[in-house]
Amino acid sequence: MGPGLRRDDKLRLDFGHISAERAVAFRLIWPAATSTQANPLKKLNFFPRPEPRFASFAPSPYTELMQDQMRSYLDFEKPVAELDSKVDELRALAATGTDISDEIGRIKDKAAQALADLYTNLTPWQKTLVARHPQRPHFNDFIKGLVTEFTPLAGDRKFGEDEALVAGFGRFRGEPICVMGQEKGDSTESRIRHNFGMARPEGYRKCVRLMEMAERFGLPVLSLADSAGAYPGIGAEERGQAEAIARSTDACLALTVPNVAIITGEGMSGGAIAITTANKVLMLEHAIYSVISPEAASSILWRDGTKAQEAANNMKITAQDMLRFGVIDQILKEPVGGAHRDPAAMIATTGDAIAKAFDELKGLDGDGIRKQRRQKFLDIGRKLG
């Protein structure tokens, strides 16, 4: 095993003196030899057949991506919850032999219309609740749906491993890519293991390490942000949380390979900025992006944490606000009722948007990529929509 890898990492290859990172590089970008004698790795089918760059791709059925979960309704969705409950009652009654299919269809249509009406004019606070919905697709779900041969790497080579930030290499539509992002977890056990997506300094230093590898091998970088912020614990501060975030942001800005960032849920504070300082920044329709959470802003401004709703409504944190200010480049439309109601469709839409964003950057050389990114951030606030 190469240094920095743990035993439970997916990489299970023994190449003697070859480090884990070099093994990943071999598998992703090394050209196949003409014969198995010239290259014994070919016997292991180590070099998959190349595919067209960012070709059309059908994600895995979502039933393979997440465990079945009970429906969960937000407070403002109570009218829809009541209608859905009536549908469930009528279906139970229909199971006894009563023909009430017309009535079921009528109430289902009414529930669908009520849901569409609710999501047409969400307030910033309601969008915040949707962005935090526990059943939204998380980092691991996007990876399973969009990235093949994903090999996560562990450790920052300085202190240890941080599981809130997952990072590694894989293939996106046949092309090698570096991927990183926060994982919140979808069960009590996984949420504790991933620290609810709140990364410590070693997580950001791990991302810097992988970005340097991506730069060395000429691989594009994809970031998926979904976190309430960097972990604010004493240990994290003692190990240089702010410095680690600053260095990760700097590493993003210094890349001469294209990088694309997606804000899938919460993009809070420097914890999100550290991995989303990219050539193209995309945001899901009901995601939020801010330097501080509404609860923290409420506590600072009013010395009262109960005014988070008022804070959210005045902070300009929605995707629509971010697009108007030039902070992001594109809004990805979510299914009616939010990404959690049709995750497979949301993952497919995100994959198409990622491919398009990288294709728009592929004609630029290293200097051009860096200049485009620099100008993008210099223009923020100068050009208002």
Side-chain angles (χ1 to χ4, degrees), residues 122 124-134 136-142 164-167 179-185 194-199 203-204 207 221-232 241-242 244-246 248-249 251-253 259-297 308 311-334 338-340 346-347 349-350 353-354 357 373 376-377 380-381:
L122 292 181
W125 177 246
Q126 289 171 336
K127 283 182 177 286
T128 301
L129 297 178
V130 176
R132 294 171 174 174
H133 199 288
R136 281 177 79 84
H138 292 163
F139 176 84
N140 284 338
D141 304 312
F142 284 100
L165 259 170
V166 182
V179 192
M180 61 189 68
Q182 289 106 349
E183 170 58 45
K184 288 183 172 180
H194 292 291
N195 199 34
F196 299 86
M198 295 185 292
Y204 297 107
C207 288
V221 177
L222 172 65
S223 302
L224 300 169
D226 183 16
S227 174
Y231 183 62
Q241 183 73 287
I245 289 172
S248 182
T249 306
C252 288
L253 287 169
N259 59 338
V260 172
I262 315 288
I263 299 155
T264 62
E266 293 183 276
M268 293 287 103
S269 188
I273 294 172
I275 62 172
T276 58
T277 313
N279 292 100
K280 298 283 185 179
V281 182
L282 286 60
M283 195 168 171
L284 270 60
E285 182 182 6
H286 302 310
I288 56 174
Y289 196 22
S290 175
V291 297
I292 193 171
S293 70
E295 288 83 359
N313 292 336
N314 289 279
M315 286 171 59
K316 310 299 182 186
I317 61 177
T318 69
Q320 293 72 26
D321 292 324
M322 295 298 103
L323 184 65
R324 181 162 59 90
F325 293 137
V327 176
I328 66 171
D329 301 284
Q330 183 183 350
I331 296 174
L332 306 185
K333 187 172 179 59
E334 297 188 24
H340 57 282
M346 189 71 256
I347 291 171
T349 298
T350 303
I354 292 169
R373 189 187 302 118
K376 167 186 166 53
F377 286 95
I380 291 177

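Sequence positions, counted from 1, serve as the residue numbers for this chain. Predicted model only: the values in this text are computed from it and were never measured.
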Test applied, side-chain contact (heavy atoms from CB on, under 4.5 Å); reference residue, S290; option that passes from I317, T128, T318: I317
Candidate list T264, L282, L332, test side-chain contact (heavy atoms from CB on, under 4.5 Å), partner T350, passing option: L332
Intermediate values then yes/no, side chain to side chain contact (heavy atoms under 4.5 Å, CB included), R373 and N259: CA-CA 9 Å; R373 189 187 302 118; N259 59 338; 3.0 Å; yes
For the residue pair [X] and [Y], what are the closest heavy atoms and their distance?
X: A225; Y: A272; answer: CB-CB, 4.3 Å
X: S293; Y: M268; answer: CA-SD, 3.6 Å
X: P124; Y: A312; answer: CB-O, 3.3 Å
X: P294; Y: A311; answer: O-CB, 3.6 Å
X: Q330; Y: A353; answer: NE2-CB, 4.4 Å
X: K316; Y: F325; answer: CB-CE1, 3.9 Å

Is it true that a side-chain atom of [X] and a backbone atom of [Y] form a donor plus acceptor pair closer than 3.5 Å?
X: Q241; Y: A230; result: no
X: E295; Y: A308; result: no
X: Q182; Y: H138; result: no
X: S248; Y: I275; result: no

Test log, rule side chain to side chain contact (heavy atoms under 4.5 Å, CB included), inputs E334 and T349: CA-CA 9 Å; E334 297 188 24; T349 298; over 6 Å; no
Candidate pair Y289 and I273, rule side chain to side chain contact (heavy atoms under 4.5 Å, CB included), full reasoning: CA-CA 9 Å; Y289 196 22; I273 294 172; 4.0 Å; yes
Verdict with reasoning, V281 to I263, per side chain to side chain contact (heavy atoms under 4.5 Å, CB included): CA-CA 8 Å; V281 182; I263 299 155; 4.0 Å; yes
Hey, does [Y] have a side-chain heavy atom less than 4.5 Å from the side chain of [X]?
X: F377; Y: T277; value: yes
X: K376; Y: N279; value: no
X: V179; Y: F142; value: no
X: M315; Y: I292; value: yes
X: M322; Y: I331; value: no
X: Q320; Y: L323; value: no

As an exercise, state the distance from [atom1] of [X] to [atom2] of [Y], rounded to the nearest 0.5 Å.
X: I245; Y: Y204; atom1: CD1; atom2: OH; result: 5.0 Å
X: I262; Y: L224; atom1: CD1; atom2: CG; result: 6.5 Å
X: M346; Y: L284; atom1: CE; atom2: CG; result: 4.0 Å
X: N195; Y: E183; atom1: CG; atom2: CD; result: 12.5 Å

Option from R136, K127, K184 for which salt bridge (charged side-chain N to carboxylate O under 4.0 Å, His left out) with E266 holds: K184
